[in-house]
Amino acid sequence: MSFLRALLEVFQVTAPIFIVIAVGFLIRKIKIIDDEGVGLLNRMAYNIGLPALIFLNITDYRLSEIFNIDIIKVIYSAYGIYFIILFLLSFFIKRSRKTRGAFIVASFRCNMAFVGLPIVWMAYGSLALARGSLVIAFIVPVNIISTILIFKFFDRREEKLNTKKLLRSFVTDPMIIAAILGIIFSYFGLGLPGFIHDSLDIISGMTVAVALLSIGASFRFDHLKDDLKAVSYISFNKLVLLPAIVFLFAAFIYKIDIFDRNVMVILFATPLAVAAYIMAKELCSNYNLMASVLIFTTIISALTISGWLLIFKFL
């Protein structure tokens, strides 16, 4: 395959995704939608659209077709090594404890659902979407628990962890529930009545557009210039180092299938999740830094994700 042809194919995958994100920013800029509307888009995508999409795409396949234990090994092995690296790096950051906590969370929280799933879907098809949904099922609990623990650890004012609240946020997360139900239905080969399947299909059909629009509409450039050095450092860790570690584990340690390897790397090469910024605000962390990382990684990931896809054309 020629380089120019490969580049064009990658552009056809990533350009529509980031154009829709840009449209989201535009409709917020010209005030077609306000802050309340942005929050509504986020809630619709996270609580309704994405769970429907994840559930349907898992149930479209038998569990034996999409489950691979080596994928789970790659997820937790890469995450474990990466967490150790981040904690070691955080001790060299001469900033407040809150900023150090935000540094760690911003470096590992990936927008797999809002950005990753649309990209792997367009690049590799519905099977990649189902595999990606399973990855999210195993990674979301780790993200929720880790984010809360890190923010609490780096905030001296917190005397103890609210275990009940942590457990409640875990068991009531819509995407976790959707993934578990999807796995159960897939394992037992249970079918849905036609009208329910079609209803969920309509809901999931709007998910990609709503999710991408909500990302663009969430952009705030006010704080980006305040700490560009730290933002750039975090973005490198997030968009280059993390997916590179995943690639090494997938390709050379567990030697998983190339298809699964590509899906895994793209999911972990996604920008910072909007949910991480919301949690930083709720838990009184340095949410201004998180907002800056959200914007910067989303913009730069248009290039880095395209780069990973281009590399995979020749590997």
| request: May I ask you to check whether F247 and F268 place their ring centers less than 6.0 Å from one another? | output: no
| said: Checking S204 against T207: is there a side-chain donor and acceptor pair closer than 3.5 Å? | reply: no
| note | In this structure, CD1 of I144 is separated from CG of D173 (nearest 0.5 Å) by 4.0 Å
| request: Please name all residues satisfying side chain to side chain donor-acceptor pair (under 3.5 Å) with S90, sequence neighbours left out, ordered by chain then number. | output: none
| task | Classify the side-chain pair Y254/S77 by whether it contains a donor and acceptor separated by less than 3.5 Å. | result | yes
| said: My understanding is that only one of V246, I69, V135 makes a side-chain contact (heavy atoms from CB on, under 4.5 Å) with V74; could you say which? | reply: V246
| task | For salt bridge (Lys or Arg N to Asp or Glu O under 4.0 Å), just list the numbers for D35 and R28, CA-CA rounded to whole Å, side-chain angles, deciding distance to a tenth of an Å, and then say yes or no. | result | CA-CA 8 Å; D35 288 338; R28 176 68 181 84; 2.6 Å; yes
| query | Do S186 and T59 meet the criterion of a side-chain donor-acceptor pair at a distance under 3.5 Å? | reply | no
| task | Run the numbers on L134 and I183 for side-chain contact (heavy atoms from CB on, under 4.5 Å), then give the verdict. | result | CA-CA 8 Å; L134 273 184; I183 290 170; 3.7 Å; yes
| field | Pairs touching residues 255-275 that satisfy salt bridge (charged side-chain N to carboxylate O under 4.0 Å, His left out), sequence neighbours left out | value | R131-D260
| field | Validation row, ring centre F185 to ring centre F55 under 6.0 Å | value | yes
| query | Is the closest side-chain donor-acceptor distance between S126 and Y61 under 3.5 Å? | reply | yes
| request: Please lay out, stage by stage, how F25 and S218 fare under the test side-chain contact (heavy atoms from CB on, under 4.5 Å). | output: CA-CA 7 Å; F25 173 73; S218 301; over 6 Å; no
| query | Take atom CG in L40; do more than 12 heavy atoms of anything else shown fall under 6.0 Å from it? | reply | yes
| note | With T14 as partner, the option from L310, I19, L303, L309 fulfilling side-chain contact (heavy atoms from CB on, under 4.5 Å) is L309
| field | Within 6.0 angstrom of W121 CH2, more than 12 heavy atoms from elsewhere | value | no
| query | Any side-chain heavy atom of S214 sitting closer than 4.5 Å to one from Y46? | reply | no
| request: May I ask you to check whether N57 and S133 show a side-chain donor-acceptor distance below 3.5 Å? | output: no
| task | Answer yes or no: are there more than 12 heavy-atom neighbours, outside F259 itself, under 6.0 Å from its atom CZ? | result | yes
| task | Please state whether the rings of F153 and F87 are parallel, tilted or perpendicular, taking 30° and 60° as the class boundaries. | result | perpendicular
| Does the ring center of F108 lie less than 6.0 Å from the ring center of Y82? | no
| request: Would you kindly confirm whether I32 and L212 end up in one hydrophobic cluster when ILVMFWY residues are joined by side chain heavy atoms under 4.5 Å apart? | output: yes
| message | Can you see whether T270 engages N111 through a side-chain donor-acceptor pair at a distance of less than 3.5 angstrom? | response | no
